[in-house]
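To keep things clear, I will list the structure first and then write my remarks on it.
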Amino acid sequence: MSENPTKRIQGLAAEELAKEFGTPLFVYDAQVLARQLRKISEALPVGVDVFYSLKANPNISVCGFLGSRGAGAEVSSLTELITALRAGVDPADIIFLGPGKSRADLEACVSAGIHAVVCESLAELQLLDDVAAARGAGRCPAVLRVNPGFLSKGSGLSMGGKPRQFGIDEQEVRRAGALLRSLEHVEVKGFHAYMGTRFLDHQDVVANTLNILAMAEDLATQLDMELSVVDFGGGLGVAYFENESELDTTELGEGLEGPVGDFRARHPDCRLIMELGRFLTADAGTYVTRAVYVKESMGELFVVADGGTNHHMAAVGIGSFVKRNFPIVHLGRPAARPTHTYTVTGPLCTPNDTIVKKARLPEVRPGDLLGIERSGAYGPTASPGLFLSHGYPAEVLVHDGHATLVRERDTPEEMLSRQHLAVFKDAS
Ligand SMILES: *Cc1c(COP(=O)(O)O)cnc(C)c1O
């Protein structure tokens, strides 16, 4: 077999990107971000708005790119809110969600005039009322996150039907009529429910969505309120592992078409939102590491790379006791025949820093580049990047065949700049 050409992202060779920006490196392909957003937007019934969940990848350019292509933003911290605003997302297309919002968070939401605060408890709703009163800026729109009485279908992480810190129990919402009517500075406009993550079967998503729509309608009737927003979550998955297959978005859209159409006929002015993180970003990202050493231990081959779980904890295995490998490619020879079995580890002093276990690859030599694919979601920010003080890696966005550094690599100086050496007067 002849030597294969190096892996390219929009025409740019991985080796060139690594030379320019160093490794370890996350490379995001904007074409793929756009493709995923288009794919789901076109599949969903007309009028369902897609919001990007920044939790999956809070890089401001990723958010800005998706925003420029029509996605709203679902944020869960003050910094995520500021990120979305600076990225150019219209406040009218931002919602703020999360169980532990502080008064300062709520003040920022009211100041920015976002589409809605998604309240996760009645106490939070009252705090929001208080904040909005103090600001005197008219009634602040809120959505109640409901912990549904029904169980979700098809997610590894199941929501609904069990005690949770998230949302307000459906039964409690049903009894909250008097409280809602008493709020003078907040207007509850609708409901939100999030049923879990990594859904790959469209039938589960359709079933959950129909349950949420029915619940929202029922709650609105019981509470005698206008239904202006229903956010039915999302959590659509991507196929990471060999035994998984992609979610069929066409089937998903077809499954939702009729029921969403009927719902729309009854609530023509109700905004429908689907919030997605992983589905939009996972496929767009490649984690690029360089093999530092290749060694053998008791008959097994190890590639020790310059980055590992410190930047990519998700690759250790998502909600699974069995280690399953993310797709990995030899970036120098992506199409060469796999001839060796390697366990790929990183720089941390812990055996858990194993990014890929016993993967079949072409021969890896020190200095070669490896790419962990489908790594655009829950990468650096969901990883212990400060462990062993390696710091966070650089991130690059490739758009129109041009690579832009969208996050600088941490340096020792920067990392240490936030620490202070105490003075020990009693030192000998
Ligand atoms: C994590 C989360 C999301 C995003 O989930 P994905 O699986 O990445 O799409 C959306 N909404 C809520 C409430 C979440 O907690």
Side-chain angles (χ1 to χ4, degrees), residues 28 33 36-37 39-41 43-44 48-59 62-63 66 71-77 80-81 83-84 93-101 105 115-121 124 142-148 152-160 162 164-168 190-202 204-205 208-209 212 229-240 244 246-247 249 252 272-285 312-314 318-320 374-383:
Y28 308 126
L33 293 173
Q36 290 297 96
L37 179 59
K39 191 169 169 187
I40 192 66
S41 305
L44 290 173
V48 177
D49 293 336
V50 175
F51 276 42
Y52 173 50
S53 302
L54 270 74
K55 182 177 73 178
N57 186 328
N59 187 282
V62 170
C63 176
L66 289 168
E74 179 256 296
V75 302
S76 297
S77 70
E80 283 191 359
L81 173 61
T83 303
D93 293 319
I94 298 178
I95 56 173
F96 194 126
L97 179 149
K101 297 181 207 77
D105 294 338
H115 178 61
V117 178
V118 182
C119 289
E120 306 232 10
S121 66
E124 182 193 331
V143 163
L144 300 186
R145 178 170 182 180
V146 184
N147 178 28
S152 68
K153 289 182 74 175
S155 170
L157 170 82
S158 80
M159 296 275 189
K162 53 166 76 174
R164 283 286 183 201
Q165 73 267 51
F166 308 111
I168 309 163
F191 303 99
H192 166 285
Y194 175 74
M195 304 308 293
T197 186
R198 299 200 62 230
F199 287 103
L200 287 173
D201 184 339
H202 65 274
D204 295 329
V205 183
N208 289 327
T209 305
I212 293 166
V229 189
V230 178
D231 179 338
F232 49 80
L236 305 186
V238 297
Y240 289 111
E244 293 178 332
E246 288 311 339
L247 178 85
T249 48
L252 171 64
L272 292 176
I273 297 173
M274 180 177 241
E275 56 193 35
L276 296 172
R278 189 188 313 274
F279 183 85
L280 298 177
T281 59
D283 236 6
H312 200 344
M313 196 65 185
I318 306 164
S320 159
R374 312 211 130 186
S375 297
Y378 303 101
T381 63
S383 304

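Every number for a ligand or one of its atoms is a count from 1 in the order of the listing.
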When you compare the side chains of Glu275 and Ser53, does any donor N or O come within less than 3.5 Å of an acceptor on the partner? no
Going by ring-ring contact (aromatic ring centres under 6.0 Å, His included), name the residues that satisfy it together with His192, two or more places apart in sequence or in a different chain. none
Distance-only, no hydrogens or angles: does the Arg374 side chain make a donor-acceptor pair with backbone N or O of Ala239 under 3.5 Å? yes
Ion pair check, Arg145 and Glu124, cut-off under 4.0 Å: no
Do you know which two heavy atoms are closest between Cys63 and Leu54, and how far apart they sit? SG-CD1, 3.9 Å
I need the single residue from Leu276, Leu37, Val62 that forms a side chain to side chain contact (heavy atoms under 4.5 Å, CB included) with Tyr52. Which is it? Val62
Atom-level proximity to ligand 1, residues with heavy atom under 4.0 Å: Ser53, Lys55, Glu74, Leu97, Arg145, Tyr194, Thr197, Gly235, Glu275, Leu276, Gly277, Arg278, Tyr378
